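One structure below.
All chains are named by letter (A, B, ...) in the order of the sequence lines, taking the proteins before the strands, and each is independently numbered beginning at 1. These numbers come from the heavy atoms of this one structure, side chains and all, not from hydrogens, waters or symmetry mates. Source: prediction; values computed, not measured.
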2 protein chains.
Amino acid sequence: MKSLSIKDIAVKANVSITTVSFIINGKAKEKSISEAVIEKVEKIIEESGYKPNQIARSLRTGNSNIIGLIIEDISNSFFSRIARLIEDKAYKKGYKIIYSSTENSVDKAKELINMFKSRKVDAYIISPIKGIEEDVQMLINDGNPVIFFDRNLPDINTSYVGADHFNASYQSVESFIQQGKKNIALVTTDINVQQITERCEGYKKALEDNGIKANDDLILKIHFNQDEAETINQIKELFKNQKIDAVLFATNYLAISGLKVLKQINKKIGDDFSVIAYDDHEAFELHTPGISTVQQPLEEIAENVIRLILKQLSSKAKLEHQQIIIPAKLIIRD
Amino acid sequence: MKSLSIKDIAVKANVSITTVSFIINGKAKEKSISEAVIEKVEKIIEESGYKPNQIARSLRTGNSNIIGLIIEDISNSFFSRIARLIEDKAYKKGYKIIYSSTENSVDKAKELINMFKSRKVDAYIISPIKGIEEDVQMLINDGNPVIFFDRNLPDINTSYVGADHFNASYQSVESFIQQGKKNIALVTTDINVQQITERCEGYKKALEDNGIKANDDLILKIHFNQDEAETINQIKELFKNQKIDAVLFATNYLAISGLKVLKQINKKIGDDFSVIAYDDHEAFELHTPGISTVQQPLEEIAENVIRLILKQLSSKAKLEHQQIIIPAKLIIRD
DNA sequence: TTGAATTAGTAAAACGTTTTACGTTAATTT
DNA sequence: AAATTAACGTAAAACGTTTTACTAATTCAA
């Protein structure tokens with residue numbers, strides 16, 4: 001069964017396609033269509049259940065009311081939660097979100113950008129990775145609104161919303177030091193993005209400022225795409241071979257692997273061993289004892305992302321780019 | 001900067017639009033275009049970075065290579081994990097997935113269906129809720145491939161893939177009984193979907209078969225859209241007022257709330273109090289002691305969903321609908 | 001009572017593809 | 001030499017909208 005087109009409506013109402021189009025788009029008044037015709041057409045549309053074909057619409061107008069969201073991995077709770085918030089807020093403004101995961105693959109990220117491009121999304125919200133600079137720059141050059149979140153690419157000049165990763169790690173480490181910890185480890189990933197680098201910098205600076213010499217043996221960089229089993233092994237090695245009394249995990253999934261290790265080797269978290277994890281996760285609140293975490297302000301990040309992107313969409317002129325850094329919150333649990 | 005169109009390529013190559021189109025779509029051989037022309041055009045396409053406008057393509061062909069996925073809530077780890085798997089598998093076959101959450105609102109679900117419809121997605125993967133029967137039936141009548149997963153709507157005749165919820169609860173309860181438990185509670189939701197009903201039925205049947213009379217006071221139905229604080233209160237009431245030695249949670253987020261209650265009231269899980277949760281979650285493995293769970297076979301569900309939907313997409317004829325029920329796995333932890 | 005302005009509406013082009021149906025020319029067959 | 005086939009390719013319609021530029025009829029002002 002073919003679906004109805006504007007033409008069918010026009011025929012039924014015995015008016016022109018143009019008239020129907022004006023009515024659908026709320027331009028009836030402005031185009032001086034009579035009240036009687038408006039009512040007639042609206043009634044027919046209502047009764048028939050006609051819905052405009054968005055594809056034809058997009059083809060003609062060049063925009064889609066769709067915003068593309070590119071993230072690392074939708075099954076990571078940080079991203080799925082933020083996706084949900086962004087989706088919610090965009091929805092209220094009449095925009096739909098389509099999202100897809102890059103799995104930290106440059107190729108997949110490029111493909112996604114192309115896919116969104118050829119589908120003419122109106123704007124791009126990207127949690128970027130190194131290696132896609134050129135593609136993103138092209139988007140920007142072509143006049144597409146692009147906003148980064150969570151991570152930034154320093155070479156690209158566009159708006160960015162993210163948490164204050166540097167200070168968050170800095171504070172985490174300071175809190176360890178205040179508890180009297182000396183041998184503080186950092187478990188992080190080897191993906192080369194600003195946000196991760198900053199977390200590492202904050203860690204080092206805090207140690208330094210407190211007169212503790214950073215020890216490279218206490219910094220473990222986990223390869224991004226590896227199996228969890230391998231990760232667990234590496235963390236286990238670290239815990240066994242080094243004298244450690246506190247550890248900061250730079251992402252929630254690393255922390256989860258780390259907690260599994262602690263469970264396996266039966267090491268208890270307590271006075272002589274502390275843990276802080278980046279990015280909150282249900283498991284941390286529930287854990288006994290509770291795991292302290294750096295809570296990113298998801299709601300605020302989503303809010304700002306949407307606000308900026310809508311501002312860009314509604315103003316034809318190019319706006320000045322903004323860098324919004326939101327403080328993260330250190331939640332101490334026990 | 002306008003993006004390139006097929007016409008630009010045609011002009012550059014000094015051939016017709018038709019020829020370019022044939023080459024792009026791999027029909028050059030079949031339409032007897034000479035090797036020389038093919039090469040020339042391909043070179044120009046390559047150099048210019050031309051990408052066909054998918055919107056124009058969709059308008060003309062009537063399909064989009066996009067599959068719409070409608071779920072309850074992308075921030076629930078069950079859904080985000082399955083979404084990721086489905087996305088992955090579809091991607092490998094050249095399909096993109098666009099997904100959106102209904103938040104268990106009938107209105108939003110209907111709107112999503114409409115949105116997908118007007119964007120001409122090629123197929124629908126839906127985790128349905130009661131109240132959208134008509135809309136779904138219309139999709140099916142219009143010849144769209146539709147497949148349900150996780151939940152089913154008994155009135156609608158279409159393919160379905162899901163776990164064996166009935167047996168999973170049945171076995172969970174039996175395992176409680178084998179441990180000598182007598183007062184077994186069920187915490188579930190009030191959303192009226194088959195999957196939830198089945199979990200409840202399995203619970204009751206297992207009690208009955210073992211000569212235990214089901215006690216309605218031990219069944220707590222939580223209203224779906226309420227605040228977590230409220231949920232926690234209700235569960236707390238249940239635990240305080242009733243004599244309970246085991247509890248089965250029908251969804252992972254209820255179990256998480258339940259565990260929070262246990263932590264608050266300082267009730268330990270152990271020999272005299274057992275817990276089983278539906279849908280695995282990282283928090284359960286990490287919990288001390290580990291929380292036993294009913295693990296749904298995500299991979300297999302995703303696999304089957306994609307397999308069925310692709311089969312329907314590639315065959316013009318209407319296929320027989322299939323109901324695939326996959327056993328769930330009870331993971332006992334401690 | 002004429003010309004301008006307003007009202008009510010429409011025809012047709014355009015968006016960028018795919019696809020059908022149709023040329024040409026050259027080679028081959030009868 | 002006429003007829004057929006093959007090789008190589010193209011013109012134009014169609015998909016369903018939006019939007020520009022127009023017309024025809026009526027009202028208004030002077």
Contacts under 3.5 angstrom, residues 125-132 of chain A side chains, donor-acceptor by atom type, not counting sequence neighbours:
none

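Residue-environment remark: CD (A/Glu134) stays at or below the threshold of 12 foreign heavy atoms within 6.0 Å. Atom CD of A/Glu30 has more than 12 neighbouring heavy atoms from other residues, nucleotides or ligands inside a 6.0 Å radius.
Rounded to whole Å, atom C1' of D/dT17 lies 15 Å from atom CG of A/Leu4. Here C/dC15 presents its C1' atom at 15 Å from CD of B/Gln54, a figure rounded to the nearest Å. The separation between B/Lys120 atom NZ and C/dT17 atom C1' is 17 Å, rounded to whole Å. Rounded to whole angstrom, the span from the CD atom of B/Glu30 across to the C1' atom of C/dA21 amounts to 15 Å. If you take CG of B/Asp8 and P of C/dC15, they are 11 Å apart, rounded to a whole angstrom.
Rounding to the nearest 0.5 Å gives a distance of 9.5 Å between OG of A/Ser159 and CD of A/Glu320. Atom-to-atom distance recorded for A/Ser77:OG and B/Asn76:CG is 11.0 Å, nearest 0.5 angstrom.
Close placement of the A/Tyr99 and B/Tyr99 rings is indicated, their centers lying within 6.0 Å of each other.
In the helix from C/dT1-D/dA30 to C/dT30-D/dA1, the end axes, each obtained as the rotation axis mapping the C1' atoms of four pairs onto the next four within a five-pair block, lie 60° apart to the nearest 10 degrees.
The backbone N or O of A/Ser75 sits less than 3.5 Å from a side-chain atom of A/Asp73, completing a donor-acceptor pair.
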Between protein and nucleotides 4-11 of chain C, map the contacts as a letter string: B base, S sugar-phosphate only, - none, heavy atoms under 4.0 Å, written 5' to 3'. ----BBBB
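Residue contacts for A/Ser5: at a heavy-atom cut-off of 4.0 Å it reaches the sugar-phosphate backbone alone, with no base atom in range. Across all strands shown, B/Lys27 has heavy atoms under 4.0 Å from sugar-phosphate atoms exclusively, and none from any base.
With no hydrogens or angles considered, no side-chain donor-acceptor pair links B/Thr102 and B/Lys110 at under 3.5 Å.
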